[in-house]
Amino acid sequence: MDTIFALASAPGKAGVTVIRVSGTKAWDAASRLAGTLPAPRQAVLRRLRDAEGQVLDEALLLLFEDGASFTGETVAEFHLHGSVAIQRAVLRALEKMAGLRLAEPGEFTRRALENDRLDLTQVEALADLIESETESQRRQALRVFGGALGKTVEIWRRDLIEAASLLEVTIDFADEEVPVDVSDRVAELITLVSGSLDRELAGIDAAERIRTGFEVAILGAPNVGKSSLLNALAGREAAITSEIAGTTRDVIEVRMDIAGLPVTLLDTAGLREAQDPVEKIGITRARARAKTADLRVLLLDDRGMPDMELGDEDIVLRSKADLSGDADGISALTGQGIDLLIAEIGARLFDKVQAAGLATRERHRVAFLQGKSALGAAQEMLMRGPDWYDLAAEEIRTAIRSLELLIGRVDVENLLDEIFSSFCLGK
Ligand SMILES: Nc1nc2c(c(=O)[nH]1)N(C=O)[C@@H](CNc1ccc(C(=O)N[C@@H](CCC(=O)O)C(=O)O)cc1)CN2
Ligand SMILES: Nc1nc2c(ncn2[C@@H]2O[C@H](COP(=O)(O)OP(=O)(O)OP(=O)(O)O)[C@@H](O)[C@H]2O)c(=O)[nH]1
């Protein structure tokens with residue numbers, strides 16, 4: 001297996017930059033650049049030199065032993081001064097060494113998976129962790145990265161293995177006198193796992209929203225003050241505002257952190273019977289995004305309700321309260337009610353995330369649904385009596401396989417490229 005290296009920190013200027021080398025030749029590479037090697041896990045300051053003896057940087061060197069590193073392989077890390085020129089010089093020196101090559105995106109983590117240091121759910125969670133921008137995302141990713149989903153699935157897997165084995169024992173001794181009827185215990189185990197699958201399935205939508213973000217659409221008639229509200233919420237001039245009705249046409253998106261939740265605010269075209277063909281397209285888009293958004297904020301003025309479907313949890317507000325004197329309204333101009341609105345959006349989204357469990361993505365949903373459907377079939381076979389036990393056992397094994405696919409216990413080579421394609425270089 002090649003020894004691989006890459007920038008582990010972001011490219012570009014920084015205080016400190018880390019270059020990681022992983023594989024059998026990692027320490028060899030380290031000694032060529034740094035001279036004498038320190039004991040593993042003891043950072044030392046060394047002058048790094050290239051093959052010609054030119055000094056590249058004065059850096060910290062940190063070694064990890066085979067089997068006791070992030071990847072599970074022998075690792076060397078160079079903690080360099082974060083200059084682009086130093087990054088380039090050290091990478092070039094490593095490139096010149098035989099048996100070393102630049103790592104592909106996610107390749108360090110892929111090795112951690114292959115060395116059983118992480119399961120597939122932890123690999124996904126590590127990608128989420130690196131992507132995390134808000135507290136809720138960080139907490140959710142860290143929980144799964146800690147192995148919570150893998151452990152839970154492992155418990156279900158054991159229960160199902162017990163169920164399948166009980167049936168198999170009964171089948172094997174079919175001709176003999178079997179003193180105990182296993183079907184009660186098997187049915188109990190299936191019901192247990194099936195119920196847990198249901199509970200986890202119920203939380204995937206919420207968890208997925210935390211992972212990818214919520215959409216909150218700002219809606220209302222032209223000129224009611226939607227873009228001004230977006231800017232007030234975002235704290236910057238993200239959208240053009242003007243006294244001309246029909247200013248916003250495209251949907252304008254602004255990412256925000258509201259109470260630790262990732263939120264994309266959508267400013268939309270004003271809703272009216274438009275003549276202008278471009279404005280019409282804008283209004284169609286506004287309606288479509290309003291429909292799929294997680295929450296809608298409708299702004300009203302004296303013109304009353306525009307033609308718009310709202311749900312119970314949506315927020316309806318009077319805008320330009322500085323003009324009307326409405327104490328419950330908001331004003332983008334004076335800032336009246338803006339903090340309250342942010343708190344209200346946070347509270348309503350918070351209600352939606354309560355259901356979030358450990359499963360966070362479509363891949364998990366598919367595995368759970370497959371497992372559930374196999375368990376449903378198994379339960380049915382079981383009820384038909386002992387002649388059907390072998391088919392029931394087969395269905396249980398199908399359910400076990402979908403759980404194993406989820407944690408990557410079985411061969412998942414075809415899944416890996418897809419999962420690792422989202423990784424950044426050096427991870
Ligand atoms: N400099 C540096 N910082 C980093 C990482 C890294 O690789 N390098 N990490 C990665 O991206 C994370 C830490 N992850 C790590 C995971 C395992 C081991 C490790 O050596 N494990 C050994 C020993 C454990 C112990 O000392 O208790 C083991 O599990 O056997 C090191 C880092 C975050 N910070
Ligand atoms: N006095 C006052 N004027 C406001 C307030 N909010 C917006 N305006 C003004 O109202 C006009 C329209 O504001 P926009 O934010 O562009 O309205 P919009 O709803 O995005 O308009 P469209 O893009 O046409 O749909 C601008 O002249 C704003 O300065 C407010 O809170 N108070």
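All ligand and atom numbering here is 1-based and tracks the order in the structure. Not measured: the values here are computed from a predicted model.
Residue Gly225 approaches ligand 2 through these ligand atoms, each under 4.0 Å from one of its heavy atoms: 7 (C), 13 (O), 14 (P), 15 (O), 17 (O), 18 (P), 19 (O). Proximity to Gly67 (heavy-atom distance under 4.0 Å) selects the following atoms of ligand 1: 30 (O). With ligand atoms numbered from 1 in the order given, ligand 2 contributes 22 (P), 23 (O), 24 (O) to contacts under 4.0 Å with heavy atoms of Thr247. Near Glu243, the atoms of ligand 2 lying under 4.0 angstrom from a non-hydrogen atom of the residue are 26 (C), 27 (O). Contact atoms of ligand 2 toward Ser227: 15 (O), 18 (P), 20 (O) (distance under 4.0 Å to a heavy atom of the residue). Ligand 2 places these atoms under 4.0 Å from at least one heavy atom of Ile244: 24 (O). Close approach to Thr241 involves these atoms of ligand 2, each under 4.0 Å from a residue heavy atom: 15 (O), 16 (O). Residue contact check: Ala245 has heavy atoms under 4.0 Å from atoms 24 (O) of ligand 2. Atoms of ligand 1 found under 4.0 Å from any heavy atom of Arg20 (numbered from 1 in listed order, with element): 6 (C), 7 (O), 10 (C), 11 (O). Annotation for ligand 1: atoms under 4.0 Å from non-hydrogen atoms of Arg117 are 21 (N), 22 (C), 28 (C), 29 (O), 30 (O). Taking every heavy atom of Phe64 and a limit of under 4.0 angstrom, the matching atoms of ligand 1 come to 20 (O). Atom numbering of ligand 2 starts at 1 in the shown order; those under 4.0 Å from a heavy atom of Gly270 are 25 (O).
The nearest heavy-atom contact from the protein to atom 11 (O) of ligand 1 is Lys427 NZ, 2.6 Å. Nearest protein neighbour of atom 32 (C) of ligand 1, counting heavy atoms only, is Phe70 CB, 4.3 Å. The closest protein non-hydrogen atom to atom 22 (C) of ligand 1 is Arg41 NH2, 3.3 Å. Shortest contact from atom 7 (C) of ligand 2 to any protein heavy atom: Ser228 OG, 3.1 Å. The protein heavy atom nearest to atom 25 (O) of ligand 2 is Lys226 NZ, 2.8 Å. Shortest contact from atom 1 (N) of ligand 1 to any protein heavy atom: Glu77 OE1, 2.8 Å. Scanning all protein heavy atoms for the shortest distance to atom 24 (O) of ligand 2 gives Gly246 N, 2.6 Å. Among protein heavy atoms, the minimum distance from atom 10 (O) of ligand 2 is reached at Lys320 NZ, 2.9 Å. Nearest protein heavy-atom neighbour of atom 16 (O) of ligand 2: Ser242 N, 3.2 Å. Atom 31 (O) of ligand 2 has its closest protein heavy atom at Ala332 N, 2.9 Å. Given atom 22 (P) of ligand 2, the protein heavy atom at minimum distance is Asn223 N, 3.6 Å. Closest to atom 1 (N) of ligand 2, if we only count protein heavy atoms, is Asp322 OD2, 2.8 Å.
Side-chain contact annotation: His364 with Glu362, donor-acceptor N/O pair under 3.5 Å absent. Side-chain contact annotation: Glu73 with Ser22, donor-acceptor N/O pair under 3.5 Å present. A side-chain N or O of Thr17 and one of Gln87 form a donor-acceptor pair less than 3.5 Å apart. Judged purely by distance below 3.5 Å, without hydrogens or angles, the side chains of Arg117 and Ser69 never pair a donor atom with an acceptor atom. In the model, Asp267 has a side-chain atom that pairs as donor or acceptor with a side-chain atom of Ser227 under 3.5 Å.
Only the side chain of Leu323 comes within 4.0 Å of ligand 2, counting heavy atoms alone; its backbone N, CA, C and O stay farther away. Contacts with ligand 2 closer than 4.0 Å are made by heavy atoms of both the backbone and the side chain of Ser331.
For atom 19 (C) of ligand 1, the nearest protein heavy atom lies under 4.0 Å away. For atom 7 (O) of ligand 1, the protein comes within 4.0 Å by at least one heavy atom. Distance screen at 4.0 Å: atom 30 (O) of ligand 1 has a protein heavy-atom neighbour inside the cut-off. Within a 4.0 Å radius of atom 13 (C) of ligand 1, the protein contributes no non-hydrogen atoms. Within the 4.0 angstrom cut-off, atom 4 (C) of ligand 1 has no protein heavy-atom neighbours.
Between Thr248 and ligand 2, at least one N/O pair is under 3.5 Å apart. Between Ala269 and ligand 2, no N or O atom pair is found at a separation short of 3.5 Å.
Residue contacts with ligand 2 do not include Gly220, since none of its heavy atoms lies under 4.0 Å from the ligand. Contact between Ser319 and ligand 2 is absent, with no heavy atom of the residue lying under 4.0 Å from the ligand.
Heavy atoms of other residues, nucleotides or ligands lying less than 6.0 angstrom from CD1 of Ile240 number 12 at most. Under a cut-off of 6.0 angstrom, the local environment of CG in Leu310 is crowded, with over 12 non-hydrogen atoms contributed by other residues, nucleotides or ligands. Around NZ of Lys25, the count of heavy atoms belonging to other residues, nucleotides or ligands within 6.0 Å does not exceed 12. Atom CZ of Arg47 has 12 or fewer neighbouring heavy atoms from other residues, nucleotides or ligands inside a 6.0 Å radius. Counting non-hydrogen atoms of neighbouring residues, nucleotides and ligands closer than 6.0 angstrom, the CZ atom of Arg255 exceeds 12 such neighbours.
No salt bridge links Glu309 with Lys291; every basic N to acidic carboxylate O contact stays at or beyond 4.0 Å.
When all heavy atoms of Glu133 and Asp257 are compared, the closest pair comes out as O-OD2, 4.2 Å. Closest heavy-atom contact between Phe368 and Glu200: CE1-CB, 3.5 Å. What you find for Lys226 and Leu219 is that their closest heavy atoms are CD-C, 3.5 Å. In terms of heavy-atom proximity, Ala393 sits nearest to Glu168 at CB-OE2, 4.2 Å. Across every non-hydrogen atom of Asp322 and Ser331, the tightest pair is OD1-OG, 2.8 Å. In plain terms, the two heavy atoms of Leu56 and Ile86 that are nearest each other are O-CG1, 4.0 Å.
Looking only at side-chain heavy atoms (C-beta outward), Leu341 and Ile345 come within less than 4.5 Å of each other.
Arg101 forms no cation-pi arrangement with Phe5, by the criterion of a distance under 6.0 Å to the ring centre and an angle within 45° of the ring axis.
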Verdict with supporting geometry, Arg289 and Glu253, side chain to side chain contact (heavy atoms under 4.5 Å, CB included): CA-CA 11 Å; Arg289 292 298 285 277; Glu253 306 191 358; 2.8 Å; yes
